[in-house]
Visitor: 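Below you'll find the structure I mean.
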Amino acid sequence: MTINTMAKGGWHRDQMSCFRKMEKVIVAMQDPDMGMKMRNQRLLITVIPHAMTGRDIIDWLMKKYNICEEEALHLSGKLVRYGYIYPLKEPRSLVLRPDESPYRFQTPYFWTSTRWPASELDYAIYLAKKNIRKQGELMEYEKERYSVLHKRINHTWDFVVMQAREQLRASKQRRKADRIVLECQEQAYWLINRPPPGARNVLDMGLERPNNTARVTVNSEYYKNEIETCKRALGRNRVKSSICLEGFVKYSEQYQNHDPIMQGCLPSNPWISDDSAHWTMNLETVPTPTRLRVERWSFSFMELLNDEMGRREFMTYLEKEFSGENLCFWQACEDIKHGESSRIVEKVEEIYRNFLAPGAPRWVNIDSKTMDKTLSGIRHPHRFVMEDAQMHIYFLMKKDSFPRYLKSDLYKNMLARAIVPQETKKSVFPFMRRQRHSSPSPAQVATQATEEGGNAKGAGQAGTNSAAGSNV
Amino acid sequence: MASEKAEMDSLKKECDGLRTQIEAARKAVNDGSMSSAAGSATDVGRVQLKLRKSLKGHLAKIYSMHWATDSRSMVSASQDGKLLVWDTFSGNKMVAVPLKSAWVMSVAFAPSGNLVASGGLDNMCTVYNIKSASPKTLRELDAHTGYLACCRFLSDTEILTASGDTTCCLWDLETGKQKIIFTNHIGDCMSLALSQDERTFVSGACDSLAKLWDLREGTCKQTFSGHTSDINAINFFPSGNAFITGSDDCSCKMYDLRSDQEVIGYQDTSLNAGVTSLALSNSGRLIFAGYDDFNCHIWDSMKGEKVGVLSGHDNRVSCTGVPGDGMGVCTGSWDSFLKLWN
């Protein structure tokens with residue numbers, strides 16, 4: 001989540017770098033040789049030069065960037081919404097119609113990136129001009145804004161009115177066609193920068209992050225805390241980079257087959273095939289687990305313990321070796337850590353009775369130091385009172401039982417029995433919907449991804465079905 | 001006054017001295033670079049993900065989303081004043097939670113699937129029970145003095161929040177009170193991520209630092225610097241030994257917990273938009289980072305190269321998330337749509 005930020009020094013970083021990209025497209029469209037063919041458009045009785053139809057724009061984009069019509073519509077829609085092209089008919093409707101509707105390029109003077117953020121003063125002058133030119137021409141919301149501005153920048157109001165009059169006088173001296181064009185450009189600019197209520201404000205940069213330097217007072221107290229923290233941090237054990245980095249590479253390689261985004265997944269990825277078989281096969285409890293799942297149990301002890309089925313298998317193994325109480329104890333401690341506060345005392349007592357008391361039915365083997373510490377802690381039970389004992393047993397299982405389990409027949413048989421799902425055959429649906437995909441950026445010379453046959457049944461249809469339980 | 005200033009100066013000097021020592025200790029263990037370690041790793045090639053679903057339903061900017069542990073449900077928050085719980089497989093909206101305050105900035109799903117939490121400019125974190133007949137407000141956690149930027153459940157009884165008042169806080173949901181307050185940042189805390197074993201968490205803040213905290217003791221264990229602007233997003237590498245941050249300085253960085261330093265940066269001169277959010281694929285190899293330039297760029301975490309892009313949103317990508325089973329990635333945007341890709 002971001003809120004806009006004014007970095008120190010008041011420099012407002014241009015976060016809308018996509019403007020530069022849009023401008024590149026616009027410039028290419030206006031190229032004298034390879035750009036768009038301009039026409040004269042008739043607007044009532046005036047002839048507007050350098051105009052083009054929506055259809056022309058779509059066709060040009062499709063040809064130039066080798067994209068499909070849908071994408072051309074999307075791209076050209078963006079150009080209109082951000083004010084680089086404006087419609088001549090229905091100027092308030094900022095959409096691109098792929099028909100004979102006329103459009104014009106916005107002059108660079110009014111490009112969103114050049115004059116951003118739009119200033120209140122300029123807006124006031126614009127509204128004043130409109131007001132003077134024809135009394136009552138302002139729309140309701142414009143009237144409201146006008147009066148708000150009048151209050152807010154009242155001290156410069158003379159300047160505003162004077163500028164407005166001056167600009168109106170200058171425009172009267174222009175040819176009618178030029179005047180209309182200028183008015184359209186200006187109107188288009190303000191429709192984007194001061195959208196009417198209800199219209200989406202595309203230039204909305206979000207909430208301003210308040211100046212936060214005043215929030216924390218940097219005083220002696222602060223430094224004393226910092227020193228404590230630093231001393232603690234200095235004392236920590238640091239491992240060599242090379243070892244750590246190798247660890248990361250190994251991890252990502254080990255899990256690559258288990259990463260559906262990178263390697264796909266069997267029988268199929270439910271998002272693609274709309275078949276939830278994969279999820280059914282990997283439920284917490286299934287008669288036979290998948291092979292990938294059983295493999296993961298060998299990656300680390302936590303992987304095994306985090307999987308309910310893996311835990312059950314491990315428990316079976318431990319019971320064969322008469323050390324099942326270790327896992328029971330570990331699970332009981334977990335239950336205290338994550339359970340309700342009200343039951344902590346009773347759960348601690350139960351653990352003591354079952355696992356720690358002398359002669360307990362499921363006595364666990366903890367070293368005397370940890371046992372003493374735990375027993376004294378039990379007198380004032382809290383959520384983490386079993387922590388040390390739990391850690392001790394955890395490491396005991398991890399170092400001893402776990403490796404032996406992986407070598408055991410129990411595990412090996414499970415691995416052999418485990419399912420390797422068949423890849424779902426790609427069936428051809430009678431209604432083939434073309435998959436929507438993001439084509440590679442035209443700026444890059446990349447090979448087009450080959451279209452896969454009709455698996456995208458769900459792609460366009462998901463959305464606004466309200467389920468029975470919905471309260472929308 | 002003079003003696004106070006003198007005391008502060010000497011404390012500052014001691015502090016700076018310690019920081020220099022920490023830097024030296026870090027340098028001492030820095031005996032290898034990520035590029036040499038990743039040299040042998042196979043190339044990922046160009047990653048082209050397809051848009052699989054587009055979830056329409058929100059009427060205003062989407063600020064946050066979070067997957068449920070079943071990897072199928074997902075909750076999203078929008079400034080139209082609603083939380084929507086989706087069944088992403090069918091695309092249906094399962095639950096709609098109306099919010100008291102529309103200025104929501106963060107949303108979270110509890111691991112159990114019973115609760116969701118949200119908060120924002122109201123400075124509160126509100127927890128809802130979505131399994132009851134109609135969503136019921138369970139708790140209103142009201143003690144932060146700044147906006148709520150991020151929240152994450154540990155269980156149905158505990159929740160962690162990061163706030164614009166520069167603190168993070170662990171709450172007890174049974175009593176509705178704060179258990180531990182984590183203070184050390186000097187800028188708004190923007191995001192946090194829980195470790196898998198739930199004993200530590202990392203936070204990123206507007207002071208451009210990332211910190212590792214001990215959940216039990218409430219202390220800051222490690223501080224990581226390197227960014228030059230606000231850190232907006234933070235996430236653990238799946239092995240738990242490192243985390244990735246995304247910042248307004250247009251870069252992402254990976255920090256290693258064990259060697260206590262930055263190990264690689266992800267930046268590109270052609271990218272000059274801030275990072276708003278990030279998520280990792282299950283193997284940790286791919287980083288999906290949402291940027292202000294309306295795209296989500298894909299990085300190879302090991303080689304540090306940009307390997308793909310998800311374009312399709314009409315406005316800033318404000319949130320990204322990969323579900324637990326890693327089936328794909330979801331992006332949410334100010335254009336009010338959520339898109340699923342893989």
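Sequence lines set the chain letters: A, B, ... in the order given, protein chains first and strands last, and positions in each chain run from 1.
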Visitor: Between B:L257 and chain A, with a heavy-atom cut-off of 4.5 Å, which part of the residue counts as in contact: side chain, backbone, both or neither?
Guide: backbone

Visitor: Which bit of A:E387 comes within less than 4.5 Å of chain B, counting heavy atoms only: side chain, backbone, both or neither?
Guide: side chain

Visitor: For chain B, which candidate among A:G77, A:S300, A:P270 shows the most heavy-atom pairs at distances under 4.5 Å?
Guide: A:P270

Visitor: Non-hydrogen atoms of chain B under 4.5 Å away: do they reach the side chain of A:E340, the backbone, both or neither?
Guide: both

Visitor: Cationic tip of B:K56 within the cone over B:F337's six-membered ring, i.e. under 6.0 Å and within 45° of the normal?
Guide: yes

Visitor: Measure distances from A:N257 to the heavy atoms of chain B and classify the residue's part below 4.5 Å as side chain, backbone, both or neither.
Guide: neither

Visitor: Can you say whether the rings of B:W334 and B:Y63 are parallel (under 30°), tilted (30 to 60°) or perpendicular (over 60°)?
Guide: tilted

Visitor: Shorter than 4.5 Å, heavy atoms on both sides: which option in A:K250, A:R236, A:H258, A:Q256 has the most such pairs with chain B?
Guide: A:R236

Visitor: Do A:R81 and B:D314 sit within salt-bridge range, that is, some charged N less than 4.0 Å from a carboxylate O?
Guide: yes

Visitor: Under 4.5 Å, counting heavy-atom pairs only, tell me which of A:F384, A:Y222, A:Y255 racks up the most with chain B.
Guide: A:F384

Visitor: With A:M262 as reference, evaluate B:N342, B:N282, B:V47, B:L286 under the side chain to side chain contact (heavy atoms under 4.5 Å, CB included) test and give the passing residue.
Guide: B:L286

Visitor: Could you pull out all residues at least two apart from A:R293 that satisfy side-chain hydrogen bond (donor to acceptor under 3.5 Å, both in side chains)?
Guide: A:D307

Visitor: Where do B:T157 and A:H338 come nearest, in terms of heavy atoms and distance?
Guide: OG1-O, 3.9 Å

Visitor: Could you tell me which portion of A:K240 (side chain, backbone, both or neither) has an atom closer than 4.5 angstrom to a non-hydrogen atom of chain B?
Guide: both

Visitor: When the ring planes of A:Y82 and B:F294 are compared, do they come out parallel, tilted or perpendicular, using 30° and 60° as the limits?
Guide: tilted

Visitor: Would you name the heavy atoms of B:M34 and B:S301 that are closest together and state the gap between them?
Guide: CE-O, 4.2 Å

Visitor: For chain B, find which of A:C265, A:G264, A:S341 contributes the most heavy-atom pairs closer than 4.5 angstrom.
Guide: A:S341

Visitor: Take the angle between the ring planes of B:F89 and A:W279 and call it parallel below 30°, perpendicular above 60°, tilted in between.
Guide: perpendicular

Visitor: Out of A:S342, A:A233, A:P260, return the one with the most heavy atom pairs under 4.5 angstrom to chain B.
Guide: A:P260

Visitor: Between the side chains of B:D31 and A:S242, does any donor sit under 3.5 Å from an acceptor?
Guide: yes

Visitor: When heavy-atom pairs shorter than 4.5 Å are enumerated against chain A, which of B:K12, B:R216, B:R285 gives the highest number?
Guide: B:R216

Visitor: Given a strict heavy-atom distance threshold of 4.5 Å, which part of B:E174 is in contact with chain A: side chain, backbone, both, or neither?
Guide: side chain

Visitor: Could you check which of B:A233, B:C220, B:S259, B:A38 has the highest count of heavy-atom pairs closer than 4.5 Å to chain A?
Guide: B:S259

Visitor: Just so I understand: if I count every heavy-atom pair under 4.5 Å between each of B:E4, B:K221, B:E14 and chain A, which residue has the most?
Guide: B:E14

Visitor: Who among B:P238, B:G290, B:S336 has the most heavy-atom pairs with chain A under 4.5 Å?
Guide: B:P238

Visitor: Determine the option with the most heavy-atom pairs under 4.5 angstrom with chain A, choosing from B:G284, B:A28, B:G246, B:A242.
Guide: B:A242

Visitor: Counting only heavy atoms closer than 4.5 Å, note whether B:N295 contacts chain A via side chain, backbone, both or neither.
Guide: side chain

Visitor: Can you tell me which portion of B:D207 sits under 4.5 Å from chain A's heavy atoms? Options are side chain, backbone, both or neither.
Guide: neither

Visitor: When heavy-atom pairs shorter than 4.5 Å are enumerated against chain B, which of A:N237, A:N306, A:I227 gives the highest number?
Guide: A:I227

Visitor: So which part of B:P111 gets closer than 4.5 Å to some heavy atom of chain A, the side chain, the backbone, both or neither?
Guide: neither

Visitor: Which pair of heavy atoms, one from B:D260 and one from B:I22, lies closest together, and at what distance?
Guide: OD2-CG2, 4.2 Å

Visitor: Taking every non-hydrogen pair under 4.5 Å, which of B:S155, B:S71, B:S281, B:S239 racks up the most with chain A?
Guide: B:S239

Visitor: For A:F299 and A:Y251, I'd like to know if the aromatic rings sit close, meaning centre-to-centre distance below 6.0 Å.
Guide: no

Visitor: Quick test of your reading of the model: are A:E334 and A:K337 salt-bridged, counting only N-O distances below 4.0 Å?
Guide: yes

